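These numbers were taken from a predicted model, which means no experiment stands behind them.
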Amino acid sequence: MFALVDCNSFYAACERLFRPDLQGRPVVVLSNNDGCIVAGSAEAKALGVKTGMPLFQAHDLIRGHKVAVFSSNYALYGDISQRVMATLETLAPRVEAYSIDEAFLDVSLMKTAELQPLALQIRARIDRWVGVPVCVGVAPTKVLAKLANHAAKRYPATGGVVVLSDPLRRDKLLSLTPISQVWGVGRRLRGRFEALGINTALDLARADVGMIRQRFSVVQERLVRELNGEPCLSLDTQPSPRQQVIYSRSFGEPVAALPPLRQALSDFVSRAMESLRKEGLYAGRVTVYLRTAPMGKPQQLFPDTLSAVLSPATADTRLVVRQAQALLAQLWWPGYRYGKAGVILTDLRGRDQVQCGLFAEQKPAEQETGRRGEALMAVMDSINQSGVGKVWLAGRGMQGNQHSTWAMRRAHLSPAYTSRWSDLPVVR
DNA sequence: TCTGGGGTCCTAGGACCC
DNA sequence: TCTGGGGTCCTAGGACCC
């Protein structure tokens, strides 16, 4: 049996944690660049605020109902997420942190009669220890646990907990669930399923596995089996090392000139490389992309993405910045306004899998550069993580990046209550 | 006028090997 | 005139998730 624990309106709940005056008031959280709404409290949803809605479309609602608005504060949400996960570790032998606000728990050792009390205990402990509300769904497969969790969220009479062990009750829920709400069914699949007369989760559960396998893929075959209570997805407590690092941002305002784009890219690469080094990884390829603004208008016709091999694989920000800048020079075209840029690091590997070059790269002088480069990166990282000050490559520009035209908008940012000394709340 | 960001998995097709 | 079979690796594109 799996339990899926999912936080309710997680980002909004985090913002309220240190602002008790916002209890009961509508709260929304914006995407990076304050562009659209990515989370809303129950009160905000009741007003008609939808996730994904561009902010400007919700302006009247927000003003009319005194909705509290926050820019994304991932330092805060990440930290609260860790507290939730740590609490769950005290309640189950194995926990898979599936996303920032949800986790699968192995509860297969429990007797059926113990599942409901356990789920209630999970809710109560997260509420007491962390302070964010959660719902719990329990079922024999992950897909069904997802469904049980949805039901727990949707029907208040459940008390936030649904245990789906009885097949009759399961089929009843499946028949009430539109196909689009099944985990793994997005916009495209919904259309294809409906064209086949598959409109509810129950329709899909009753579909012929062979037909699904033939017309779709093994992913959808698993879906059918999981809906019938046959587990195909296991608990993954030790996720495999990641395969790519992406850092991309929309600019606060469109940028036409090359120099500010160079600064932005230098900043983006530095951040991507920092998270690469945090995991002890080396990148074998760098990809740069550049999008013209505004969205929805025709894009430039020449390529917007280019990549280059990094040989040998490296964790040295300077080398990757140099490559990325060369790619940018080929992507940039005068006369266009750019709204977004990004960098992607792929071909990631650990230190012991970095392949030396057979010829030029092996010259002792180059090896020496490599060693000094590692030392330099380690020093920069330790300074930047110390909280005392920051150092960066000059290519990013001399002023703090939050003052640049390309910096993202974050007009409604809350303090980093739990992860920055100067932002700690003061109790009087 | 104003619309995010970071990921994963799967398949098909091309190029190649023996 | 007649020309096999089994396999890997890589990339692009599609679809999905939160």
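Ranking C/dC18, B/dT8, B/dG4 by closeness to the A/Gln244 side chain, first place goes to B/dT8. Ranking B/dC10, C/dA15, C/dC17 by closeness to the A/Arg222 side chain, first place goes to B/dC10. Across B/dG6, B/dC2, C/dC18, the shortest atom-to-atom separation from the side chain of A/Asp101 is found for C/dC18. Comparing B/dG4, B/dC2, C/dC16 against the side chain of A/Ser250 picks out B/dG4 as the nearest. With B/dT11, B/dG4, B/dC10 as the candidates, the nucleotide lying closest to the side chain of A/Val219 is B/dC10. The side chain of A/Tyr98 approaches C/dC18 more closely than any other nucleotide in the set C/dA15, B/dG6, C/dC18. Taking only side-chain atoms of A/Tyr74, from C-beta outward, the nucleotide of B/dG4, B/dT11, B/dT3 with the closest atom is B/dG4. Side-chain proximity of A/Val38 to B/dT3, B/dG5, B/dG4: nearest is B/dG4.
In this structure, C/dC10 and B/dG13 make a Watson-Crick or G-U wobble pair, each of the two defining distances being under 3.5 angstrom.
In this structure, the side chain of A/Asp6 does not engage the main chain of A/Cys135 through any donor-acceptor pair within 3.5 Å. The main-chain N or O of A/Thr418 is never found under 3.5 Å from a side-chain atom of A/Asp423 such that the two would form a donor-acceptor pair.
Put simply, OH on A/Tyr11 is 9 Å from C1' on B/dG5, counting in whole angstrom units. A straight line from CG of A/Asp236 to C1' of B/dT8 spans 11 Å, rounded to a whole angstrom. To the nearest angstrom, C1' of C/dG13 lies 11 Å from CZ of A/Arg188. As rounded to whole Å, 15 Å separates atom C1' of C/dA15 from atom CD1 of A/Ile179. Across the protein-nucleic acid pair, A/Leu223 atom CG and C/dC16 atom P stand 11 Å apart, rounded to whole Å. When the C1' atom of B/dC2 is taken as reference, atom CG of A/Leu61 falls 16 Å away, rounded to whole Å. Distance CZ (A/Arg187) to C1' (C/dG14): 12 Å, rounded to an integer number of Å.
Ring to ring, A/Phe70 and A/Tyr11 are not that close: their centroids are 6.0 angstrom or more apart.
Heavy-atom neighbours of A/Arg154 CZ from other residues, nucleotides or ligands within 6.0 Å: above the threshold of 12.
The side chain of A/Lys340 contributes an N or O atom lying less than 4.0 Å from OP1 or OP2 of B/dG5. The shortest distance between the side-chain N/O atoms of A/Arg285 and the OP1/OP2 oxygens of C/dC10 is not below 4.0 Å. OP1 and OP2 of B/dT3 both lie 4.0 Å or more from every side-chain N or O belonging to A/Ser31. Remark: A/Ser72 is not in phosphate contact with B/dG5, judged by side-chain N or O atoms under 4.0 Å from OP1 or OP2. Distances shown here put every side-chain N or O of A/Lys50 at or beyond 4.0 Å from the OP1 or OP2 atom of B/dT3. For A/Arg249, a side-chain nitrogen or oxygen approaches OP1 or OP2 of B/dG6 to under 4.0 Å. Between B/dC9 and A/Gln243, a contact under 4.0 Å exists linking OP1 or OP2 to a side-chain N or O.
Using a 4.0 Å heavy-atom criterion, one finds that A/Arg192 contacts no nucleic acid atom at all. Across all strands, A/Leu30 comes closer than 4.0 Å to no nucleic acid atom at all (heavy-atom distances). The residue A/Asn32 sits close only to the backbone: its heavy atoms come under 4.0 Å of sugar-phosphate atoms, none of a base.
Each of A/Arg409 and A/Val245 was matched to the nucleotide of DNA chain B holding its nearest heavy atom; the match closer to the 5' end belongs to A/Arg409. Take the nearest nucleotide of DNA chain B for A/Ser275 and for A/Gly52: the residue whose nucleotide is more 5' is A/Gly52.
Ring-plane geometry between A/Tyr336 and A/Tyr338 is classed as tilted, the angle between the planes lying from 30 to 60 degrees on a 0 to 90 degree scale. A parallel orientation is assigned to the rings of A/Phe18 and A/Tyr417, their planes being inclined by less than 30° (bins at 30° and 60°).
If you take CZ on A/Arg94 and CD on A/Gln238, they are separated by 10.0 Å, rounding to the nearest 0.5 Å.
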